[in-house]
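Report on the following structure.
Predicted model, so just to flag it, every value in this text is computed and none were measured.
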Amino acid sequence: MGVKLTANTFKKVQDLSEVEASEELNWLAHEIERHNILYFNHDQPEISDTDYDLLRQRSSIIEAYFPSLASHNGQNLRVGASCISRFGKVKHSVPMLSLDNAFNEMEMYEFTDRIRRFLHLPDNEPIAFMAEPKIDGLSISLRYEKGMFVRAATRGDSLIGEDVTANVATIQEIPIRLIGDDIPKIIDIRGEIYISHADFSEINKKQKKIGAKLFANPRNAAAGSLRQLDAGVTASRPLKFFAYGLGEAESLSADTQELINSNLARWGLPTNPLVKRCDTANALVRYYDEIVQQRALLGYDVDGVVYKVDRLDWQYRLGCSARAPRWAIAYKLPSEQAITLLQDIEIKVGRTGALTPVAKLKPVTVGGVVISNATLHNEDEIIRKDIRIGDMVRIQRSGDVIPYILGPINRQRHGNSKLFVFPSVCPVCSSKAIREIDTMTGKTEVVRRCSGGLICPAQAKERLKHFVSRNAFNIEGLGSKQIELLFENDWIKNPAEIFTLEQRNSTYIHPLEEQKGYGKLSVEKLFAAIRARRTISLERFVYALGIRYIGETTARSLSQTFNDWNTLRNVIELAADENLDNEAYKDLVNIEGLGPSAITSLISFFKEAHNIKVLEDLLLHINVEQVNDIQNSTSYISGKTIAFTGTMDSLSRSEAKVQAIRLGANVVNSISKKTDCIVAGSSAGSKLTKARELGITILSEKEWIKLINEN
Ligand code: IVH
C-alpha cells in the first residue's frame with residue numbers, strides 16, 4: 001500500500017458521490033480481503049493493525065451512509081462469518097439474562113446469605129464481590145472471532161436477539177480488532193451501549209430542529225439510535241459502550257470476574273473506571289453510598305449497582321435461574337426527584353379516546369435530563385394527590401418510566417393555586433367524555449374517554465401516528481410531527497391516504513415539496529420510505545390497526561395462529577356469531593395471552609362498518625405477507641399445537657412456552673382435538689386426563705428438556 005493511512009487519507013464520507021462511494025467500497029473490499037489472507041492464511045501482515053482497522057472502519061462508515069451499497073459489500077464486516085442481513089435474528093449461544101433486584105440493604109444481605117447457604121460456606125469464609133455501576137442503556141453482545149469483530153446482537157428475548165452488526169460497527173468506542181495474544185478464538189463480549197447526558201441533549205436539540213420526535217430519556221435515545229435500519233443515522237449519533245462481561249468464550253484463562261474485567265480493558269474495550277472489588281459486606285454498602293453520591297456527576301444514567309461473585313468457579317456452581325444468574329444482583333438506586341412549578345394541566349386525547357392529563361412544568365433538570373412534561377395519569381390521581389395548578393410539585397424520573405408527579409409540596413402552597421376541573425367533554429371534538437363501567441368487574445373505569453370514536457379528529461390523528469410508529473409500519477420520515485402537519489392540512493386523513501399521497505401529490509398545484517419543512521429531496525425520501533412499506537408483515541399490520549387491547553404480543557399471537565390476513569379476519573367475523581358453540585370464538589379464546597377484553601374489542605372492531613371501509617381502502621394499496629409457519633422445520637414440534645400443564649422442576653412454564661414458540665410451535669391454554677402434544681409436569685390434573693382420552697402425545701418434563709436440548 002505504501003501510504004501511511006490516517007483519518008485524513010480519505011475524503012469526507014458526506015462529500016462522496018454514490019459512484020465514488022461504490023468505487024471506494026469495492027477497493028476497500030479487495031484490500032481488506034487481501035489483508036485478511038495475508039494475516040489469517042499466511043501470518044504475514046503487510047500493514048499495521050491500526051491501518052487495517054482504519055480500512056474496516058472506513059468501509060463500515062461508507063456502508064452506513066450509503067445503505068443501498070451495503071448489501072454486496074456487507075461481508076467486509078464479518079471475517080469468517082456468513083453474511084447476515086440487517087436485523088436478522090441471532091441466537092445467543094449463551095442467553096443474555098437479566099438481573100434480580102434488591103431494593104434495600106436487607107435484600108442485599110439476603111442475597112449474600114443465599115449465596116453462602118447455596119455454596120455451604122462457613123460463616124467466616126469471605127466472599128469477594130465485584131461491584132459496578134449498572135448502566136441504564138441497552139445490552140449488547142459483541143462476537144469476536146480470532147480477535148476480529150464479526151457480529152453484534154441485541155438482547156432480544158434473551159435467547160434470540162437482533163443482528164445490529166452494521167450499526168454497531170459505526171460506534172467509534174467499539175474496537176474492530178482486539179489487541180493481545182490471549183484472546184479466545186471465539187468470544188462474546190457483553191456490555192451496555194448508552195448515551196451521555198450531554199450528547200442526549202444535543203440529539204434532542206437536533207431532533208427538535210428537524211421536527212422529529214424528542215426522546216424521553218437517554219436510554220430511549222440510545223435504543224432509537226441503534227435500531228435504525230439506516231446505519232448512517234446510527235453513525236451520526238454519539239453512542240458509547242462499556243464492556244462488563246462475557247457470553248460464550250472458548251478457552252478463557254481467567255478465574256475471577258476481576259480478571260475478566262482487566263482482560264477486557266487490556267484487549268482494548270472500554271470498561272467502567274468505577275468497577276471495584278469489595279471484600280466485605282461493609283465495602284458493598286460503602287460502594288453503594290459512593291455511587292449514590294456521585295450519580296449526578298457521572299454524566300450518564302446509572303440505575304443501580306451490580307454485585308457479582310468474584311470467583312468464577314463459584315459463579316458456575318451457583319448457575320442461573322431462567323431469568324437471572326444467582327451469582328449477581330442489581331441493587332437499585334433511588335429514583336431521581338426534583339421540585340418544580342406546575343404551570344398548567346393539558347388534556348391529551350389518545351387513539352382510543354382516553355383523556356390523559358399532562359402536567360406542564362417549569363423545566364427542571366432531574367438527574368441530568370431536562371423535564372418539562374409529566375403524566376398525571378387520570379382524574380382520580382389528581383384528586384387523590386390534591387394537585388393544583390400553581391403548586392410546587394415533586395416529580396420523579398426513573399430510567400424506563402415516563403416522569404410523573406409524586407405530589408404537591410403543600411407547605412409551599414400560596415393560596416393562588418387553582419383546582420383543576422377535569423373536562424366532561426372531549427377538548428378536541430366536544431363529544432361527551434365518559435367513564436365506562438367495566439362489564440367484568442362492574443366498577444367505573446379510571447379512564448375518562450371521548451365517546452366521539454370515529455368522528456373525533458384527535459383519535460383519528462393518534463391512530464395515524466400509531467399506524468406509522470416504529471413497531472407498526474415504521475415509515476421513516478413520517479413521525480408524529482409530520483402526521484400532525486399532514487393531518488391538519490388534509491393531506492392524510494386515513495391510512496390509505498398515506499399510500500395515495502405520492503400519486504395525488506403529482507397532481508397538486510402546490511405539492512408537498514413547496515410546503516414548509518420539505519424540499520425535493522426529503523419528499524423523494526419520504527415517498528421511497530412509504531413505497532418500501534407497501535409490503536408488510538401480518539403481525540405489524542395487525543398491531544398497526546391500533547385495536548384496543550391488541551398490542552404487539554397479541555398481534556404476534558394472532559398472526560402466528562392464523563397465518564394470513566383473510567383467515568384472521570374470517571375467524572374474527574365468525575366469532576361475532578352469538579352461538580355459544582362457536583368454533584371461531586373458541587379458537588380465539590384458545591390463543592395464549594388473548595383475554596376476553598381483547599376478543600370483545602377485536603369483534604367490535606370488525607363489526608364497525610367504518611373500520612371495514614378503512615381496511616378495504618388500505619388493502620388496495622398494500623400487500624400483507626403471509627406468516628411462514630414452519631420456522632424450524634428440523635424440530636419435532638414446529639408447526640404443532642402444544643399445551644403445558646402441571647409444574648416443572650427445572651424450568652418455569654413461561655420459559656418452556658418461550659422455547660416452544662422459538663421452535664415454531666403454537667402454544668395454547670386449553671386442550672382440544674386440535675392439540676398435537678402436551679407437556680405434563682408434576683401434579684398435572686384434568687388437562688392430562690383429557691389429553692389421554694383424546695389420544696394426544698404426552699411428553700414428560702425430561703422428554704421436553706431433551707427435545708429442547710436437541711434443537
Ligand atoms: S451483568 C447475566 N453488569 O442490566 C446478566 N449488567 O437488569 C449479567 N447492565 O441486561 C449482567 N450495567 O444490560 C451487568 N455492570 C453491569 C451492567 C449490567 C448494566 C444491564 C444489562 C442487563 C441488565 C439487567
Going from [atom1] on [X] to [atom2] on [Y], what distance comes out if it is rounded to the nearest 0.5 angstrom?
X      : Y      : atom1 : atom2 : value
Lys493 : Leu464 : NZ    : CG    : 9.0 Å
Leu376 : Ile387 : CG    : CD1   : 5.0 Å
Ile140 : Ile193 : CD1   : CD1   : 4.0 Å
Leu298 : Leu274 : CG    : CG    : 6.0 Å
Thr600 : Arg548 : OG1   : CZ    : 10.5 Å
Tyr549 : Ser597 : OH    : OG    : 4.5 Å

Ignoring hydrogens and angles, tell me if any N or O in the side chain of [X] forms a donor-acceptor pair with the backbone of [Y] under 3.5 Å.
X      : Y      : result
Glu608 : Ser604 : no
Arg540 : Ala472 : yes
Ser139 : Glu192 : no
Tyr307 : Leu284 : yes
Glu132 : Val306 : no
Arg449 : Ala433 : no
Arg351 : Gly546 : yes
Ser158 : Pro95  : no
Asn611 : Phe606 : no
His92  : Ala153 : no

Just wondering, do [Y] and [X] contact through their side chains at under 4.5 Å, heavy atoms?
X      : Y      : answer
Glu552 : Glu539 : no
Arg155 : Leu138 : no
Phe103 : Asn101 : yes
Val349 : Cys426 : yes
Val468 : Ile498 : yes
Glu162 : Lys89  : yes
Ile536 : Ile622 : yes
Arg533 : Asn474 : yes

Partner of Asp391 under salt bridge (Lys or Arg N to Asp or Glu O under 4.0 Å), chosen from Arg413, Lys385, Lys362: Arg413

SB check [X] [Y] (cutoff 4.0 Å):
X      : Y      : value
Asp386 : Arg388 : yes
Asp301 : Arg219 : no
Arg435 : Asp380 : yes
Glu436 : Arg448 : no
Glu484 : Lys465 : yes

Which residue is it: Ile483, Leu618, Ile492? I am looking for the one with a side-chain contact (heavy atoms from CB on, under 4.5 Å) to Phe467. Leu618

Checking side-chain contact (heavy atoms from CB on, under 4.5 Å) between Leu361 and each of Asp344, Asn373, Ile395, which is the one that passes? Ile395

Please name the pair of heavy atoms, one in [X] and one in [Y], separated by the smallest distance, quoted to 0.1 Å.
X      : Y      : answer
Ile405 : Ala359 : CD1-CB, 3.5 Å
Ala598 : Ile550 : CB-CD1, 3.9 Å
Cys450 : Gln459 : SG-NE2, 3.3 Å
Trp491 : Leu512 : CH2-N, 3.4 Å
Pro334 : Val292 : CD-CG2, 4.5 Å
Asn167 : Ala231 : OD1-CB, 3.9 Å

Partners meeting ring-ring contact (aromatic ring centres under 6.0 Å, His included) with Tyr288 (sequence neighbours left out): Tyr331

Would you say the side chains of [X] and [Y] form a donor-acceptor pair under 3.5 Å?
X      : Y      : value
Tyr300 : Asp199 : no
Ser141 : Arg190 : yes
Asn204 : Ser201 : no
Ser335 : Gln396 : yes

What about the rings of Phe215 and Phe200, do their centers lie closer together than 6.0 Å? no

Verify side-chain contact (heavy atoms from CB on, under 4.5 Å) between Leu342 and Phe420, making sure each step is shown before the conclusion. CA-CA 12 Å; Leu342 173 60; Phe420 176 71; over 6 Å; no

Intermediate values then yes/no, side-chain contact (heavy atoms from CB on, under 4.5 Å), Val370 and Val364: CA-CA 5 Å; Val370 179; Val364 62; over 6 Å; no

Using the ring of each side chain (for Trp, its six-membered ring), is Tyr404 parallel, tilted or perpendicular to His377, with breaks at 30° and 60°? tilted

Apply the test side-chain contact (heavy atoms from CB on, under 4.5 Å) to residues Thr375 and Val358: give CA-CA distance (whole Å), side-chain angles for both, the deciding distance (0.1 Å), then the verdict. CA-CA 5 Å; Thr375 177; Val358 179; 5.9 Å; no

As a quick check of understanding, evaluate side-chain contact (heavy atoms from CB on, under 4.5 Å) for Ile530 and Phe499, giving each step before the final call. CA-CA 7 Å; Ile530 294 173; Phe499 297 95; 3.6 Å; yes

